[in-house]
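Some notes on the structure that comes next.
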2 protein chains.
Amino acid sequence: MEPVPMLLAMTYRAMGDQFHDRLRQIGLEPLRPAHGYVFRFLKERRATTVDIGQHLGVTKQAAAKIVNELDEWGYVLREPHPTDKRAQYVTLTTKGRDYLKFADNLWSDLEGEMAEAIGEDTVATIKQGLTAYLRHVHGEDQPGLRPVW
Amino acid sequence: MEPVPMLLAMTYRAMGDQFHDRLRQIGLEPLRPAHGYVFRFLKERRATTVDIGQHLGVTKQAAAKIVNELDEWGYVLREPHPTDKRAQYVTLTTKGRDYLKFADNLWSDLEGEMAEAIGEDTVATIKQGLTAYLRHVHGEDQPGLRPVW
DNA sequence: TAAGGTTAGACAACTTGGTTGACTACTTTG
DNA sequence: CAAAGTAGTCAACCAAGTTGTCTAACCTTA
């Protein structure tokens with residue numbers, strides 16, 4: 001049997017490809033994974049570009065590029081930080097929130113199909129197992145999200 | 001709970017980082033994942049550069065770069081294809097096989113630690129589940145291995 | 001068996017998505 | 001209040017891929 005990381009990489013790609021294909025079928029412009037992860041991150045909290053970079057596991061400059069794109073495309077906007085005049089909060093626009101909602105539905109469709117294929121309890125075990133492992137490896141301080149290839 | 005693909009990406013990175021760190025601790029030059037995947041691929045079969053590219057999910061030109069590196073570093077060598085004068089078989093040298101053996105031990109250490117953390121049966125379920133899912137998604141014809149970020 | 005289409009590999013130009021480094025304006029700490 | 005640290009921006013660079021082109025060899029197939 002393949003080593004675990006290979007299975008992870010292959011499954012990641014398989015799911016990502018399907019996600020991407022379906023977005024295109026529907027005609028929604030397929031952003032890159034990083035963009036989606038930013039949406040998801042911003043949904044839960046207010047964050048600066050630096051925060052986003054940290055979450056993605058890239059430099060603040062790389063994060064700034066992504067934020068710029070999302071801004072140009074109308075998915076996020078910047079608002080002044082209430083107390084720190086250097087900083088800006090990046091926040092989702094309605095368009096951004098809509099995209100996220102749509103993507104989330106698509107993900108849960110895909111997860112449902114996975115459950116059909118290998119069993120709902122197996123999917124649950126996988127999710128819990130990986131979550132537990134991640135918690136075990138680096139307690140509370142989440143690492144970068146980006147896989148390094 | 002996070003969507004499955006995020007968990008996959010994060011776990012992939014977490015394991016990869018540990019692998020990388022330990023290789024460095026030991027002083028072994030840390031190749032990139034792609035190199036390791038090539039070793040693993042060549043262990044099982046004879047392959048040309050084109051085959052390798054297909055396996056990795058990249059163009060033959062990209063595969064050629066990787067093979068060139070491995071050649072320069074002494075991990076593989078090229079030998080003439082017995083019947084096709086255009087083609088070359090890429091084969092592992094002893095150095096390549098040794099590296100692979102070492103890496104495999106390291107991977108199984110890491111997998112053992114994962115089993116300690118979340119339970120041996122959970123790891124087994126994860127491996128079987130992902131394998132089954134991959135088989136379900138694209139029957140026998142394996143797709144590229146590289147995660148797209 | 002010659003002709004037309006395909007393929008392995010090499011070379012070059014380019015694109016993408018990141019990096020490092022430097023700098024300004026502002027903030028925090030001692 | 002001075003010194004150190006931080007958010008964001010700009011610019012130069014880099015790594016790892018891509019596309020496109022070419023040659024030599026291969027594979028029909030008529």
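Per chain, numbering begins at 1; letters A, B, ... match sequence-line order.
Atom CZ of B/Arg86 and atom P of D/dA25 are 10 Å apart (whole Å). Straight-line distance from the CG atom of A/Leu56 to the P atom of C/dT19: 10 Å, rounded to whole Å. Across the protein-nucleic acid pair, A/His81 atom NE2 and C/dT28 atom P stand 9 Å apart, rounded to whole Å. Distance A/Asn68 CG to D/dC10 C1': 12 Å, rounded to the nearest Å. B/Lys65 has its NZ atom 11 Å from the P atom of D/dA15, to the nearest Å. If you take CD of A/Gln54 and P of D/dG8, they are 12 Å apart, rounded to a whole angstrom. Across the protein-nucleic acid pair, B/Lys85 atom NZ and D/dC27 atom C1' stand 15 Å apart, rounded to whole Å. Following rounding to the nearest Å, A/Arg146 (CZ) and C/dG18 (C1') show an atom-to-atom distance of 7 Å.
Residue contacts shown for B/Ala64 are absent, as no nucleic acid heavy atom lies under 4.0 Å away. Looking at heavy-atom distances under 4.0 Å, A/Thr59 makes contact with a base. At a threshold of 4.0 angstrom between heavy atoms, the contacts of B/Gln61 include nucleobase atoms, whether or not backbone atoms are also involved.
Toward the 5' end of DNA chain D, the nearer of the two residues B/Lys60 and B/Ile66, judged by each one's closest nucleotide, is B/Ile66. Of the two residues near DNA chain C, B/Val50 and A/Glu69, the one whose nearest nucleotide lies more 5' is B/Val50.
The side-chain hydrogen bond (donor to acceptor under 3.5 Å, both in side chains) test with B/Arg78 singles out one residue from B/Thr91, B/Thr48, B/Asp71, and that residue is B/Asp71. Among the candidates B/Leu56, B/Ile52, B/Ile66, B/Leu42, the single residue satisfying the side-chain contact (heavy atoms from CB on, under 4.5 Å) test with B/Tyr37 is B/Leu56.
Taking only side-chain nitrogens and oxygens, B/Trp149 never comes nearer than 4.0 Å to OP1 or OP2 of C/dT16. At the phosphate of C/dG9, OP1 or OP2 sits under 4.0 Å from a side-chain N or O atom of B/Thr48. Distances shown here put a side-chain N or O of A/Arg32 below 4.0 Å from the OP1 or OP2 atom of C/dG17.
Within 6.0 Å of the CZ atom in A/Arg22, the count of heavy atoms belonging to other residues, nucleotides or ligands exceeds 12. Around the NE2 atom of A/His136, the shell of radius 6.0 Å holds no more than 12 heavy atoms that belong to other residues, nucleotides or ligands.
In this structure, the ring of B/Tyr99 has its center less than 6.0 angstrom from the ring center of B/Tyr75.
Considering only side-chain atoms of B/Val58, the nucleotide from C/dG18, D/dA25, D/dT18 that sits closest is D/dT18.
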